[in-house]
Amino acid sequence: MKTYLVGGAVRDELLGLEVKDRDWVVVGADIDSMLNAGYQQVGSDFPVFLHPKTHEEHALARTERKSGKGYTGFVCDFTPKVTLEEDLQRRDLTINAIAKAEDGSLIDPYGGQKDLNDRLLRHVSPAFVEDPLRVLRVARFAARFHHLGFRVAEKTHAMMQEIVENGELEALTAERVWKEWEKSLTSQHPEVFLSVLRDCGALAVVLPEIDALFGVPQPEQWHPEIDTGVHTLMVAGQAALLTEDPVIRFAAQVHDLGKGLTPKEEWPSHKLHTKLGLKPIKALCERIRVPNAYRDAALLVCAEHTNVHNAGELKAATFVKIFDRNDCWRKPEKIPQLATASKADNQGRTGFEEREYPQSEWLIGAFDAASAVEVKPIVAAGFKGPAIREELTRQRIEAVKKYLEGNRVLGS
């Protein structure tokens with residue numbers, strides 16, 4: 001029985017990145033021998049065990065044979081006769097098919113180290129096309145390693161297109177689509193995830209609401225990039241520069257879905273996109289089971305981002321109305337979500353990337369001023385029933401007005 005460190009841990013170590021999770025493959029063992037050695041068996045699809053001391057996952061070396069449609073249609077062989085090379089061959093990319101022995105030596109039968117040096121995301125074998133999930137995984141790795149200069153190999157890209165054309169992506173579950181998308185949101189360049197999927201045709205299948213934005217024009221005066229899809233990618237990139245919060249990054253990516261529903265005769269204007277976008281956001285989140293926190297932030301940004309853009313002209317009462325209708329008093333986290341995503345939207349335009357955006361500061365400042373108004377003094381002053389609410393609103397408006405007079409340059 002021999003044990004090898006495999007996959008992402010070896011890859012990240014070679015790239016000089018922090019190794020967070022370590023996975024191991026065991027060659028020459030079976031279930032009984034693992035249990036006798038004190039390992040705890042977990043997992044139902046194939047034998048995975050937890051080390052008795054480190055509790056790290058150890059899997060028996062295995063091969064996979066396609067037996068049906070989708071990413072679950074495989075028959076696994078995990079007998080002691082399966083070799084390390086055979087186990088590595090079933091993996092998706094060569095950079096993930098490198099093993100490290102206990103003496104520190106590397107086993108790299110498929111050229112993973114060369115591809116690391118060449119910054120290439122390349123498939124291990126023709127069996128790549130058998131698993132549709134690999135299309136999303138490659139897009140995610142492209143996003144994660146974009147800052148290091150990685151690109152998708154031409155033949156691998158062709159295989160991704162083949163998977164799309166064969167209809168295999170339709171077998172992916174909602175949970176797997178969302179899991180890969182969510183992981184991409186934590187990368188330095190989440191916009192690359194979307195662009196790689198679009199390049200191979202997968203975006204139209206898994207995220208058609210976003211794909212529909214490409215080819216939709218916007219007014220060149222405000223959007224020199226013109227294309228709404230291009231704008232969406234730019235906004236996604238700006239959001240990643242502004243925050244590490246995946247919730248805000250998600251909201252930024254879907255904030256303009258309504259523009260995909262604007263009648264062509266109204267192009268390039270999109271006057272109703274903030275209202276039209278709410279329905280597709282809800283449908284998208286329901287279809288791939290996006291967590292409520294992400295959905296709620298996306299709906300907020302979609303509905304209110306143009307108001308934030310116009311914060312230089314808004315009355316104090318309008319700010320308070322925005323805070324009221326979005327329940328910001330009980331959920332103050334909505335304010336930085338809206339402020340940051342709106343800033344990403346503003347700067348996600350050709351030539352606007354470095355432009356100042358004081359509107360986000362005004363939004364936050366106005367909310368802080370309004371939030372400082374306390375209810376207890378109002379009750380102590382003798383107000384009762386509905387009058388308490390009315391006086392609270394009046395004082396909040398006055399507080400916001402005072403803040404704006406001292407901090408906002410009207411019309412800027």
Side-chain angles (χ1 to χ4, degrees), residues 218-219 221-223 228 231-232 235 238-239 242-243 245 247-262 266 268-282 294-349 352 355-371 373 393-394 396-412:
Q218 303 168 109
Q221 177 185 2
W222 307 114
H223 288 276
T228 306
H231 169 60
T232 296
V235 173
Q238 288 297 317
L242 294 172
T243 178
D245 188 342
V247 173
I248 299 177
R249 292 181 175 191
F250 172 78
Q253 290 187 7
V254 301
H255 81 285
D256 265 350
L257 293 191
K259 292 182 179 179
L261 299 177
T262 300
E266 296 180 13
S269 178
H270 299 278
K271 295 181 180 179
L272 297 177
H273 78 282
T274 58
K275 294 183 179 180
L276 293 175
L278 300 177
K279 185 175 180 179
I281 288 176
K282 291 177 182 178
Y294 288 81
R295 179 203 62 198
D296 294 346
L299 293 172
L300 168 72
V301 173
C302 175
E304 303 289 1
H305 68 276
T306 57
N307 283 326
V308 182
H309 295 336
N310 296 324
E313 290 77 36
L314 296 184
K315 296 179 180 180
T318 304
F319 277 95
V320 175
K321 288 180 181 179
I322 292 173
F323 303 150
D324 280 340
R325 65 173 171 252
N326 291 291
D327 197 20
C328 295
W329 314 114
R330 291 194 311 116
K331 300 177 181 179
E333 70 275 7
K334 289 187 173 184
I335 298 302
Q337 290 174 346
L338 178 58
T340 305
S342 297
K343 184 175 183 178
D345 178 35
N346 182 268
Q347 295 181 334
R349 299 177 291 167
F352 288 74
R355 180 166 294 193
E356 293 294 324
Y357 189 74
Q359 291 93 323
S360 60
E361 297 176 7
W362 296 336
L363 178 71
I364 294 172
F367 180 74
D368 289 344
S371 297
V373 177
T393 298
R394 187 192 70 79
R396 283 172 170 171
I397 292 174
E398 287 300 315
V400 172
K401 183 178 180 181
K402 184 177 180 180
Y403 163 79
L404 293 175
E405 289 174 346
N407 295 275
R408 182 176 67 175
V409 179
L410 295 179
S412 65

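Any value given below was found using the heavy atoms of this structure, including those in side chains, with hydrogens, waters and symmetry copies removed.
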Spatial distance of atom [atom1] ([X]) from atom [atom2] ([Y]) [nearest 0.5 Å]:
{"X": "Thr306", "Y": "Asn310", "atom1": "OG1", "atom2": "CG", "result": "6.5 Å"}
{"X": "Leu338", "Y": "Leu300", "atom1": "CG", "atom2": "CG", "result": "4.5 Å"}
{"X": "Lys321", "Y": "Leu314", "atom1": "NZ", "atom2": "CG", "result": "11.0 Å"}
{"X": "Glu304", "Y": "Gln337", "atom1": "CD", "atom2": "CD", "result": "13.0 Å"}
{"X": "His223", "Y": "Lys259", "atom1": "NE2", "atom2": "NZ", "result": "4.0 Å"}
{"X": "Asp327", "Y": "Arg325", "atom1": "CG", "atom2": "CZ", "result": "13.0 Å"}

Do [X] and [Y] make a side-chain contact, defined as non-hydrogen atoms from C-beta onward lying under 4.5 Å apart?
{"X": "Asn307", "Y": "Thr318", "result": "no"}
{"X": "His305", "Y": "Asp256", "result": "yes"}
{"X": "Tyr357", "Y": "Trp362", "result": "no"}
{"X": "Arg396", "Y": "Asp324", "result": "yes"}
{"X": "Glu398", "Y": "Val373", "result": "no"}
{"X": "Leu363", "Y": "Ile335", "result": "yes"}

| Considering residues, nucleotides and ligands other than Trp222, do more than 12 of their heavy atoms fall under 6.0 Å from its CH2? |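 It does not: Trp222 CH2 has 12 such atoms or fewer within range.
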Checklist entry - Around atom CD of Glu266, are there more than 12 heavy atoms of other residues, nucleotides or ligands at under 6.0 Å? => result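 Yes, because the 6.0 Å sphere around CD of Glu266 holds more than 12 heavy atoms from other groups.
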Of all the heavy-atom pairs spanning [X] and [Y], show the shortest one and how long it is.
{"X": "Ile322", "Y": "Asn326", "value": "O-ND2, 2.9 Å"}
{"X": "Ala251", "Y": "Val301", "value": "CB-CG2, 3.9 Å"}
{"X": "Lys334", "Y": "Cys328", "value": "CB-SG, 4.2 Å"}
{"X": "Tyr403", "Y": "Ala369", "value": "CB-CB, 3.9 Å"}
{"X": "Ser269", "Y": "Lys271", "value": "OG-CG, 3.3 Å"}
{"X": "Ile248", "Y": "Pro336", "value": "CD1-O, 4.1 Å"}

Quick one: does Gln359's side chain have a donor or acceptor within less than 3.5 Å of a partner on His309's backbone?
yes
Gln347 side chain to Arg355 main-chain N or O, any donor-acceptor pair under 3.5 Å? yes
Report task. Could you label the plane-to-plane angle of the Trp329 and Phe367 rings as parallel, tilted or perpendicular, counting under 30° as parallel and over 60° as perpendicular? Result ->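 Correct class here is parallel.
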For His255 and His231, I'd like to know if the aromatic rings sit close, meaning centre-to-centre distance below 6.0 Å.
yes
